[in-house]
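Below is one structure, written out as structure tokens; the observations come after it.
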Amino acid sequence: MTTIDTPTRPLDFIREIVEDDQRSGKNGGRVVTRFPPEPNGYLHIGHAKSICLNFGVAAEYGGRCHLRFDDTNPSKEEVEYEDSIVDDVRWLGFDWGQHRYHASDYFEQLYQFAEHLIANGNAYVDSLSADEIRQYRGTLTEPGRDSPFRSRSIEENLDLFRRMRACEFPDGAHLLRAKIDMASPNMNMRDPALYRIRNERHHRTADAWCIYPMYDYAHPLSDALELITHSLCTLEFEDHRPLYDWCIENLPLPSRPQQIEFARLNMSYTVLSKRKLLQLVREKCVDGWDDPRMPTLAGFRRRGYTPAAIRNFCERIGVAKRNGVVDVAMLEHAIREDLNLTAPRVMAVLRPIRLVIDNYPESQAEEFDSPINPEDPAAGARKVPFSRVLYIEREDFMENPPKKFFRLSPGSEVRLRSAYFVTCTGVVRDDAGEVSEVHCTYDPATRGGGNAPDGRKPKATLHWVSAEHAIDAVVRLYDRLFVSENPEDVEEGKSFLDMINPSSLEVLSACKVEPGVASASAGTRYQFERLGYFCVDPDSEPGRLVFNRTATLRDTWARIAAAK
RNA sequence: UGGGGAGUCGCCAAGUGGUAAGGCAUCGGUCUUUGGAGCCGACAUUCGAUGGUUCGAAUCCAUCCUCCCCAGCCA
């Protein structure tokens, strides 16, 4: 065996930088990354991209990745979110070992470093109001003006800052600012805020502080203190990089991390902003953060997605600096690809109609072997009970079939998967004239559903379930949450909420499933043959299973029918 | 009209001066006890535009165009 023809995936620009750094011996060859979520919401598929990147790069280059909570704003953060983030990152399959940190772990050090900046004349306490500061900042095209407090003495700054820490002032009375350049063309360099007063309880440090550091200050220092080598973040922080570097250059830090920006993930038919996701939850447009229609990791988990599928998806979309929109079909492909190989097959009838086999003995019943997974012969077979009265899918029968409809119709013969060939002989109608029962005869010579002795080959194979053996189930059919490819792009006066798909959830409560799944536990995934992938929802109760549809199977007939 | 980024197939995305990878989607065919899956094939004479340099340019230079981000005491 040689590895010559092993196709090598080209490196993305970040891995290229990391490899260059390793070659040149920068950072002593160490690679340390971090995933720094703010605990103010649930993680979504966009975060998965960042998680896979950060943990992936670390693993590939023999380094490590820290999980660090960016908890510098007590008014937005909660423990519930922190717990969910821990669960989700673990579920995705990543491990930070002992390296779980919080920006708040560094509050004392961050404070001391702030005094250091003041002592060196690199920071000052401003006492302008928020509104005045905005006015002094200038605009995109006009430079800002120095605050009248910019020239306070070091002693006065130190005194004021210490009194800020001592909680002597109300919110907004003072602000610690970096002394950089009010005329900078980069707005972030016009004396950015470093510390603000927030007389508020923090979910971890409780009442220890009433001043809290800003992201732009806390982030680079946290990175440096943790000896992070490559600090990967999204594009919108690109113009913060000079400030990131400024903080590091002006303080005696133990290391010099490098910030590198990449494009965040956008996906069609999806919304990925924490604010909007929070709104969907708060306004009850969905059933919570883990609603299977949500693009949150908790939602995908409940929907039946596997961590491997999400990781493969993240690998496949790549990492670059171009803003784009990934087709949600790419994600759907990833989950089908995974489940096709791993999900046990089962027969389930979602919209049942009775199929009576007139020439099958009334009292008879038998069991057929059906493959658990044709893609994996080693998985073996399962027993499926069969009897005279079955349920088949209502849409698998048509009294007046159009061309190319190969399923059951008067006079036609189809294969019942793993059972027999069956020929439709007629229908029974209810009082309203609706077909309430389909009748047929079976060919005993086709037992097992294999080929007939005379070589007949039906053009269709139907799934079925024995009426007397079937168990009842509720099936929730999920579809995309939004009807628009870009739900954020709406006309004046409308919001993304107006783009919600009114039929994103259809609940079918009279479904029939083969008995073998009766004791399946929540989270178990199956392929319902010919229909799609489904998983058992935690809402299930004994005797009343609830399934969520993860993804449909490709349906060629539906395409043909839709094309007309 | 300041600054920072980005423009390669419908969507992601390689390519870094030597004559446009791959994936998704789409469309054919084949195979099939899932109209599933698999397999085979098609799918950018062209890289935002225009000039220029060069034997040769998506790659270098110039000019122009388009899109994204920045004026939170959010991250």
Side-chain angles (χ1 to χ4, degrees), chain A residues 7 9-12 36-38 40 70 72-73 75-76 126 128-130 133-135 137-144 171-177 184-190 192-198 211-212 214-216 218-219 233-242 261 263 265 268 274 313 315-334 336-337 340-341 345 347 370-371 374-375 404-407 415-419 421 446 448-451 457-463 527-532 552-560:
Chain A
R9 188 169 53 101
L11 294 177
D12 57 67
E38 181 188 12
N40 70 341
D70 228 325
T72 56
N73 185 350
S75 42
K76 291 168 64 178
D126 198 350
L128 251 23
S129 69
I133 285 184
R134 193 174 316 123
Q135 278 158 20
R137 188 154 31 226
T139 68
L140 293 178
T141 50
E142 304 156 23
D171 287 8
H174 302 288
L175 181 71
L176 185 72
R177 292 231 256 169
S184 171
N186 181 345
M187 299 296 282
N188 296 298
M189 299 299 269
R190 320 245 262 226
L194 264 23
Y195 267 92
R196 76 285 216 187
I197 298 172
R198 277 265 212 285
I211 57 172
Y212 293 93
M214 300 290 291
Y215 165 88
D216 281 323
H219 205 84
C233 64
T234 43
L235 255 27
E236 66 270 28
F237 292 104
E238 216 150 13
D239 1 292
H240 293 237
R241 193 167 66 229
E261 311 83 12
L265 170 68
S268 59
K274 282 197 193 173
F313 166 76
E315 191 173 304
R316 234 168 288 192
I317 56 175
V319 179
K321 297 196 71 154
R322 191 186 330 184
N323 264 319
V325 181
V326 172
D327 192 338
V328 69
M330 191 94 85
L331 216 209
E332 291 166 352
H333 169 78
R336 286 192 186 103
E337 183 182 45
N340 175 47
L341 262 25
R345 314 280 124 129
M347 288 196 278
S370 196
E375 303 293 328
K404 289 196 176 173
F405 180 86
F406 305 138
R407 280 112 93 142
R415 184 201 320 269
L416 293 181
R417 164 124 251 224
S418 301
F421 290 7
T446 57
N451 292 138
K457 279 193 154 189
K459 294 189 90 166
T461 297
L462 266 44
H463 60 276
Q527 183 197 97
F528 287 178
E529 291 204 65
R530 301 211 303 137
L531 298 175
T552 58
L553 239 33
R554 224 171 138 198
D555 184 345
T556 305
W557 166 244
R559 273 161 199 275
I560 294 171

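In what follows, chains carry the letters A, B, and so on, assigned in the order in which the sequence lines appear, proteins first and then strands, with residues in each chain numbered from 1.
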Please give me the minimum heavy-atom distance between A:Arg196 and A:Thr72, naming the atom from each residue.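 Minimum heavy-atom contact is NH1-O, 3.4 Å.
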
Using a cut-off of 4.0 Å on non-hydrogen atoms, how would the nucleic acid contact of [X] be classed: base, sugar-phosphate, or nothing?
{"X": "A:Arg554", "value": "sugar-phosphate"}
{"X": "A:Arg316", "value": "sugar-phosphate"}
{"X": "A:Lys274", "value": "nothing"}
{"X": "A:Tyr212", "value": "nothing"}
{"X": "A:Ala130", "value": "base"}
{"X": "A:Thr461", "value": "sugar-phosphate"}
{"X": "A:Leu128", "value": "base"}
{"X": "A:Phe528", "value": "nothing"}
{"X": "A:Arg190", "value": "nothing"}
{"X": "A:Gly450", "value": "base"}
{"X": "A:Arg177", "value": "nothing"}
{"X": "A:Leu553", "value": "base"}
{"X": "A:Ser268", "value": "nothing"}
{"X": "A:Asn340", "value": "base"}

Give none if [N] has no partner; otherwise give the nucleotide forming a Watson-Crick or G-U wobble pair with it, both distances under 3.5 Å.
{"N": "B:rC74", "answer": "none"}
{"N": "B:rA42", "answer": "B:rU26"}
{"N": "B:rA6", "answer": "B:rU66"}
{"N": "B:rG56", "answer": "none"}

With [atom1] as the reference atom in both, quote the distance from [N] to [M] in angstrom, rounded to an integer.
{"N": "B:rG4", "M": "B:rC43", "atom1": "P", "value": "43 Å"}
{"N": "B:rU16", "M": "B:rC11", "atom1": "P", "value": "23 Å"}
{"N": "B:rC47", "M": "B:rG10", "atom1": "P", "value": "13 Å"}
{"N": "B:rU30", "M": "B:rA21", "atom1": "C1'", "value": "26 Å"}
{"N": "B:rC68", "M": "B:rC24", "atom1": "P", "value": "30 Å"}
{"N": "B:rC69", "M": "B:rC27", "atom1": "P", "value": "34 Å"}
{"N": "B:rC67", "M": "B:rA20", "atom1": "P", "value": "31 Å"}
{"N": "B:rG41", "M": "B:rG35", "atom1": "P", "value": "25 Å"}

Using the closest heavy atom to pick a nucleotide of RNA chain B for each, name whichever of A:Arg241 or A:Leu140 lands nearer the 5' end.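 Comparing both residues, the 5'-ward one is A:Leu140.
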
Return the 5'-most residue of the pair A:Glu238, A:Pro185 with respect to RNA chain B, ranking by each residue's nearest nucleotide. A:Pro185

Who pairs with A:Glu315 by salt bridge (charged side-chain N to carboxylate O under 4.0 Å, His left out), at least two apart in sequence or on another chain?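 A:Glu315 satisfies salt bridge (charged side-chain N to carboxylate O under 4.0 Å, His left out) with no residue once adjacent residues are dropped.
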
I'd like to check the salt bridge (charged side-chain N to carboxylate O under 4.0 Å, His left out) partners of A:Arg134; sequence neighbours left out, ordered by chain and number. A:Asp131

With under 30° as parallel and over 60° as perpendicular, where do the rings of A:Trp557 and A:Phe405 fit, or are they tilted in between? perpendicular

Identify every side-chain donor-acceptor pair in residues 316-330 of chain A under 3.5 Å, counting partners at least two apart or on other chains, and give the distances.
{"residue": "A:Arg316", "atom": "NH1", "partner": "A:His333", "partner atom": "NE2", "Å": "3.4"}
{"residue": "A:Arg316", "atom": "NH2", "partner": "A:Glu337", "partner atom": "OE1", "Å": "2.7"}
{"residue": "A:Lys321", "atom": "NZ", "partner": "A:Glu238", "partner atom": "OE2", "Å": "2.4"}
{"residue": "A:Asp327", "atom": "OD1", "partner": "A:Ala329", "partner atom": "N", "Å": "2.9"}

Looking at A:Thr234 and A:Glu236, would you say the former's side chain and the latter's main chain have a donor-acceptor pair under 3.5 Å?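 Side chain of A:Thr234 to backbone of A:Glu236: no pair is present.
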
For A:His463, give me all partners under side-chain hydrogen bond (donor to acceptor under 3.5 Å, both in side chains), at least two apart in sequence or on another chain.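 With sequence neighbours excluded, A:His463 shows a side-chain hydrogen bond (donor to acceptor under 3.5 Å, both in side chains) to A:Glu393, A:Arg530, given in chain and number order.
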
Apply side-chain hydrogen bond (donor to acceptor under 3.5 Å, both in side chains) to A:Asp171 and list each qualifying residue two or more places apart in sequence or on a separate chain. A:Asn199

So CG of A:Leu531 and CD of A:Glu529: to nearest 0.5 Å the spacing works out to 9.5 Å

Contacted region of RNA chain B by chain A, from 5' end to 3' end of the hits, cut-off under 4.0 Å to heavy atoms, spans B:rG2 to B:rA75

Could you check if the base of B:rG72 is syn or anti? Syn means the glycosidic torsion is within 90 degrees of 0. syn

